2 protein chains.
Amino acid sequence: MCIAGGMIQEIHGAGSRAAGAMAPASPGHEVSAREHLFFEGDVRDRIYIVESGWVKLYRTLIDGQRQVVGFANSGSVLGIESDMLHLNSCEAITDVVVRSIPASRLNGICKNDPALAEQILRQIGRQLGAAQAQLATIGAQSAEQKLATFLLSIAHLCEVSLDQEFDLPMRRGDMAEFLGLRLETVSRKMTEFQRRGWIKLTSLYHCRLLQRHVLEELAQGGEADSAQMLRTA
Amino acid sequence: MCIAGGMIQEIHGAGSRAAGAMAPASPGHEVSAREHLFFEGDVRDRIYIVESGWVKLYRTLIDGQRQVVGFANSGSVLGIESDMLHLNSCEAITDVVVRSIPASRLNGICKNDPALAEQILRQIGRQLGAAQAQLATIGAQSAEQKLATFLLSIAHLCEVSLDQEFDLPMRRGDMAEFLGLRLETVSRKMTEFQRRGWIKLTSLYHCRLLQRHVLEELAQGGEADSAQMLRTA
DNA sequence: CGCGCGGTTGATCAACCTCAACCCGCGTGG
DNA sequence: CCACGCGGGTTGAGGTTGATCAACCGCGCG
């Protein structure tokens with residue numbers, strides 16, 4: 001999952017309607033920020049498609065440590081990684097509209113609704129790729145690199161064409177749990193990025209990238225010291 | 001992906017044969033240890049199913065850092081996370097037998113071969129779940145916990161019923177790159193586990209769990225100090 | 001014999017964590 | 001109106017974990 005931009009715009013469109021007498025996809029359903037769509041361990045009776053807003057997916061370890069395994073926004077499919085029970089908890093971080101599909105419809109879906117099935121297959125493949133990318137980030141990068149990678153991903157997801165402002169809808173603690181850091185570390189690095197003129201936080205949840213190339217350099221393993229800043233500028 | 005135990009035993013069996021004039025799955029193909037099945041960036045013209053042996057999947061960051069995103073053995077499907085190009089490199093860590101399927105067969109697979117498609121869907125869902133679990137391990141656990149989790153996963157994958165010996169086919173460096181540690185750290189912790197009587201390394205690549213419950217405690221976030229060892233024994 | 005590869009061990013160091021104080025904006029209730 | 005508490009964030013001081021760098025071992029092999 002990770003930062004999984006969606007592809008499925010019309011998962012309940014003509015193709016799937018053709019399936020006939022199956023349980024239909026629900027109409028858009030509102031969920032407000034801080035509410036959960038489901039918890040780890042719940043029976044997975046439905047899968048969800050995000051229509052608008054942001055959710056986070058996370059797991060809780062026995063000792064209370066949490067790991068956010070992904071943020072998802074419009075177009076993402078939630079719950080396909082699970083079988084009988086949900087493996088992740090899913091909490092809305094903004095107000096959200098979701099559509100859901102009964103899990104029963106997944107049985108024999110390839111026969112009954114090949115168009116939908118193929119979309120789901122592509123979407124889950126994308127999520128797997130994103131999860132693996134996130135593994136690389138968490139496992140092999142420093143705190144600074146992680147944050148740079150993260151900001152670029154979010155900016156990309158928000159489809160920021162050039163360097164205008166974009167939403168950073170999650171709290172510092174969510175970012176930290178996603179990146180495998182402490183929120184203090186995230187906070188420090190954010191202010192550091194700002195002090196160096198790489199980003200500008202217009203509010204706590206609103207950000208602009210001033211030096212995208214420096215962040216890109218960093219994210220890919222560059223040094224990003226001041227000398228490099230000049231070179232690459 | 002991650003430590004992805006397989007489910008698909010007969011991916012080329014009767015169900016898929018029925019597809020008729022499609023390009024057939026290749027017969028078993030031998031690959032020896034250290035050879036690559038494919039590299040990151042290669043065009044993805046085939047997907048693979050592991051029949052025997054072990055492979056690792058990894059990504060290389062620009063600065064040469066590598067992250068192993070998964071180990072896979074018999075039954076795992078490789079390459080579905082990618083679209084046109086492979087996102088991971090795949091290297092055999094033991095001698096391996098793989099079967100492959102032309103990627104072209106994935107187009108319209110749900111219509112043409114629903115049985116195969118549904119198996120792949122389940123398998124990739126499992127891999128996504130495993131990748132998320134690995135995210136939690138790498139992101140939220142200490143070196144000791146990571147190693148404990150890892151040993152238990154491998155032992156589980158090798159289907160060790162009780163506490164007999166099992167294969168640990170990868171090198172220390174591979175474990176390190178999987179767990180987001182340095183190989184020196186892995187080495188130290190391994191000898192430490194042994195010194196504490198939790199495991200026994202009969203050879204570098206052969207291991208026995210002597211105190212599985214202690215490792216389980218550790219993996220789940222317990223303290224595993226000597227007091228606890230006695231309590232849980 | 002010498003070399004290279006994989007692994008182990010030791011000493012040092014820094015990145016990040018931990019704990020704690022503090023700030024700010026906001027809603028509530030006296 | 002102000003006091004208060006609370007949630008979320010920032011900042012600081014000091015400690016630990018795991019990285020780094022380097023030496024060394026054992027083994028297989030040309």
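Convention: sequence-line order gives letters A, B, ...; per-chain numbering from 1. Bear in mind the structure is a predicted one, so any value in this text is a computation, not a measurement.
Under 3.5 Å, the side chain of Arg188(B) and the base of dG7(C) form no donor-acceptor pair of N or O atoms. Counting distance only, with no hydrogens placed and no angle test, the side-chain atoms of Glu184(A) and the base atoms of dC19(C) include a donor-acceptor pair under 3.5 Å. At a cut-off of 3.5 angstrom, the base of dT11(D) holds no donor-acceptor pair with the side chain of Arg182(A).
Listed candidates were dC16(C), dG9(D), dA13(D). Nearest to the side chain of Leu181(A) is dC16(C). The side chain of Lys189(B) has dG18(D) as its nearest neighbour among dG18(D), dT10(D), dC19(C).
Computed from coordinates, the Leu201(A) CG to dG8(D) P distance equals 18 Å when rounded to whole Å. In this structure, Met190(A) atom CE and dT11(D) atom C1' are separated by 16 Å, rounded to whole Å. Rounded to whole angstrom, the span from the CE atom of Met170(B) across to the P atom of dG6(C) amounts to 15 Å. Counting to the nearest Å, the P atom of dC17(C) and the CD atom of Gln65(A) are 10 Å from each other. Atom-to-atom, CG of Leu179(A) to C1' of dA15(C) comes out at 16 Å; the value is rounded to the nearest Å. If you measure from atom CD of Gln141(B) to atom C1' of dT16(D), you get 18 Å, rounded to the nearest angstrom. Atom CD in Glu192(B) sits roughly 14 Å away from atom C1' in dT8(C) (whole-Å rounding). As a whole-Å value, the separation of Arg172(A) CZ from dT11(D) P is 11 Å.
The closest side-chain heavy-atom distance from Val31(A) to Val97(A) is not below 4.5 Å. Looking at heavy atoms from C-beta onward, Phe193(B) lies out of side-chain contact with Leu201(B) at the 4.5 angstrom threshold.
For the side-chain hydrogen bond (donor to acceptor under 3.5 Å, both in side chains) criterion with Asn88(B), the lone passing option out of Gln67(B), Lys56(B), Glu81(B) is Glu81(B). Of the residues listed (Leu37(A), Asp42(A), Val96(A)), the one engaging Cys90(A) in a side-chain contact (heavy atoms from CB on, under 4.5 Å) is Leu37(A), and it is the only one.
Each of Thr185(A) and Arg171(A) lies near DNA chain D, and the nucleotide nearest Arg171(A) is the one positioned closer to the 5' end.
Across all strands, Arg34(B) comes closer than 4.0 Å only to sugar-phosphate atoms, never to a base (heavy-atom distances). Residue contacts shown for Leu183(B) include a base, since a base heavy atom lies under 4.0 Å away.
Annotation: Tyr48(A) is in aromatic contact with Phe38(A) [ring centroid separation under 6.0 Å].
Regarding contacts with the backbone of dG9(D), a side-chain N or O of Tyr205(A) is found under 4.0 angstrom from either OP1 or OP2.
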